[in-house]
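Single-structure report; data block below.
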Amino acid sequence: MKLENMEKITTGFYNTPIHKLENLSKKYGINIYIKRDDLTGYATGGNKLRKLDYLLKDALDKECTVLLTYGGQQTNHGRLTAAVAARFGLKCGIIMDGPAPKKASGNLILDKMMGADLFFMDDTSFKDEKPDVKADKYKQLVDKTTAEVVKMYEDQGEKVYMIPIGGSSPLGAAGYVMAAKEIKDQLEEMKVKIDYVFTGFGSVGTYGGLYLGAKYFNAGFEPIGISISHKNEEELQEKINYIQETSDYLELGIDVSRDDLWIEEGYVGISYNIPDPVTRKYMYMMAREEAIILDACYTGKVFRGMIEMIQEGKISKDKNVMLLHTGGIPGIFSDSHSQAMQEELWGEDQKEFKL
Ligand SMILES: *Cc1c(COP(=O)(O)O)cnc(C)c1O
């Protein structure tokens with residue numbers, strides 16, 4: 001399938017804006033820009049809509065009636081899959097890690113507002129096993145749950161379209177291959193040269209797509225992927241293989257070599273989606289300098305990585321940099337993150353006035 005011939009259904013508002021962060025640029029003595037993929041427009045926005053443009057087209061072509069996907073309980077991808085399903089008259093099922101919580105917060109509330117069906121995988125019986133046993137049992141649980149959920153929908157006469165975690169199939173990544181072209185065109189119009197675009201490195205459709213798109217379209221910038229969770233060698237290699245598969249699937253003719261990818265592992269914080277005080281320090285800085293709200297799971301880490309790399313001299317100050325804001329804002333209202341922010345931002349000393 002050639003990229004140029006691929007059809008999509010536009011599920012978000014594009015082009016998203018690019019603008020300069022004036023206060024931060026002054027503070028750090030380097031030109032810092034931002035690309036606002038938090039403003040893709042539906043259900044509080046985010047990067048996953050660009051992937052869903054292509055996945056939805058494929059689902060409708062195959063006459064599917066249900067979009068079924070996977071994620072953690074605060075999955076932004078699940079939320080935006082629910083948004084697309086709502087708008088295009090489909091059902092949405094999200095299979096989630098962990099037992100069902102007693103109380104909904106953050107993304108879970110939005111999922112339910114948009115009518116998604118949520119399925120929880122209770123892993124408590126094997127949670128404390130050794131990593132390899134745990135991984136094996138987890139896979140069994142995913143397979144079992146998927147089979148049962150698919151059967152449930154099929155018994156209702158529905159046809160299920162499966163979307164992998166994060167929407168990161170080779171097809172989904174086409175959204176960010178094309179976003180590289182969008183960025184190139186916008187920068188040309190603005191007469192701005194950007195050297196590096198910082199983005200999260202999660203399920204990798206975003207970084208991988210941007211990397212391939214920047215090369216394919218000769219966009220003039222290099223993406224830097226900031227890891228949002230710790231990865232071992234094997235996991236990292238799987239991600240690199242996925243980028244190669246995407247290049248092959250879209251017939252981009254790009255050979256993906258590990259040495260050519262810029263992936264930074266040093267700004268993860270504590271772990272995936274675990275409240276982290278250093279990440280929050282950067283989130284508060286962005287809010288106070290630029291009135292832009294970052295999330296604690298992804299974009300806060302990417303911003304931290306960008307600033308610390310500038311300070312560490314990994315990025316020289318004569319370069320122009322851009323942060324890709326990939327959304328994720330509802331996650332800050334999830335229980336664990338909002339609790340951590342309460343403790344830092346909300347003391348006993350609120351000023352009150354009475355008559
Ligand atoms: C999913 C997500 C990312 C990471 O994108 P991948 O394509 O999964 O690597 C970054 N930021 C936010 C807010 C996300 O929801």
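In this text the structure is predicted, and so the values were computed from the model without any measurement. Counting starts at 1 for both ligands and their atoms, in listed order. One is the number of the first residue; the rest follow in order along the sequence. Any value given below was found using the heavy atoms of this structure, including those in side chains, with hydrogens, waters and symmetry copies removed.
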By salt bridge (charged side-chain N to carboxylate O under 4.0 Å, His left out) - contacts of Glu154 (at least two apart):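 Applying salt bridge (charged side-chain N to carboxylate O under 4.0 Å, His left out) to Glu154 gives none.
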
Sub-4.0 Å heavy-atom contact, Gly46 with ligand 1: no

Close approach of Gly166 to ligand 1, heavy atoms, under 4.0 angstrom: no

Taking heavy atoms and a distance under 4.0 Å, where does [X] meet ligand 1: side chain, backbone, both or neither?
{"X": "Asn47", "answer": "side chain"}
{"X": "Thr326", "answer": "both"}
{"X": "Lys48", "answer": "side chain"}

Chi angles and distances behind the side chain to side chain donor-acceptor pair (under 3.5 Å) call for Tyr298, Asn76: CA-CA 11 Å; Tyr298 297 95; Asn76 297 305; 5.1 Å; no

Check against side chain to side chain donor-acceptor pair (under 3.5 Å), Ser334 and Gln74: CA-CA 7 Å; Ser334 64; Gln74 288 301 325; 4.6 Å; no

Ring center gap for Tyr42 and Phe13 short of 6.0 angstrom: yes

Distance flag, aromatic centroids of Trp262 and Tyr211, threshold under 6.0 Å: no

Phe119 and Tyr153 aromatic ring geometry - parallel, tilted or perpendicular at 30°/60° bounds: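 Ring orientation of Tyr153 relative to Phe119: perpendicular.
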
Inter- and intrachain pairs under salt bridge (charged side-chain N to carboxylate O under 4.0 Å, His left out), touching residues 332-347, at least two apart: Lys103-Asp335, Arg280-Glu344

Going by the order shown, which atoms of ligand 1 are within less than 4.0 Å of some heavy atom of [X]?
{"X": "Thr206", "answer": "5 (O), 6 (P), 7 (O)"}
{"X": "Lys51", "answer": "6 (P), 7 (O), 8 (O)"}
{"X": "Gly202", "answer": "8 (O), 9 (O)"}
{"X": "Gly205", "answer": "7 (O)"}
{"X": "Gly328", "answer": "13 (C)"}
{"X": "Asn76", "answer": "13 (C), 14 (C), 15 (O)"}

Asn31 and Lys20 side chains, donor-acceptor separation under 3.5 Å: yes

Heteroatom distance test (Phe201, ligand 1): nitrogen or oxygen, under 3.5 angstrom: no

Within 45° cone of Tyr176 ring axis and under 6.0 Å: Arg50 NZ or CZ: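 Yes, a cation-pi geometry.
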
Identity and distance of the protein heavy atom lying nearest atom 8 (O) of ligand 1: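 Of the protein heavy atoms, Ser203 OG, 2.5 Å lies nearest.
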
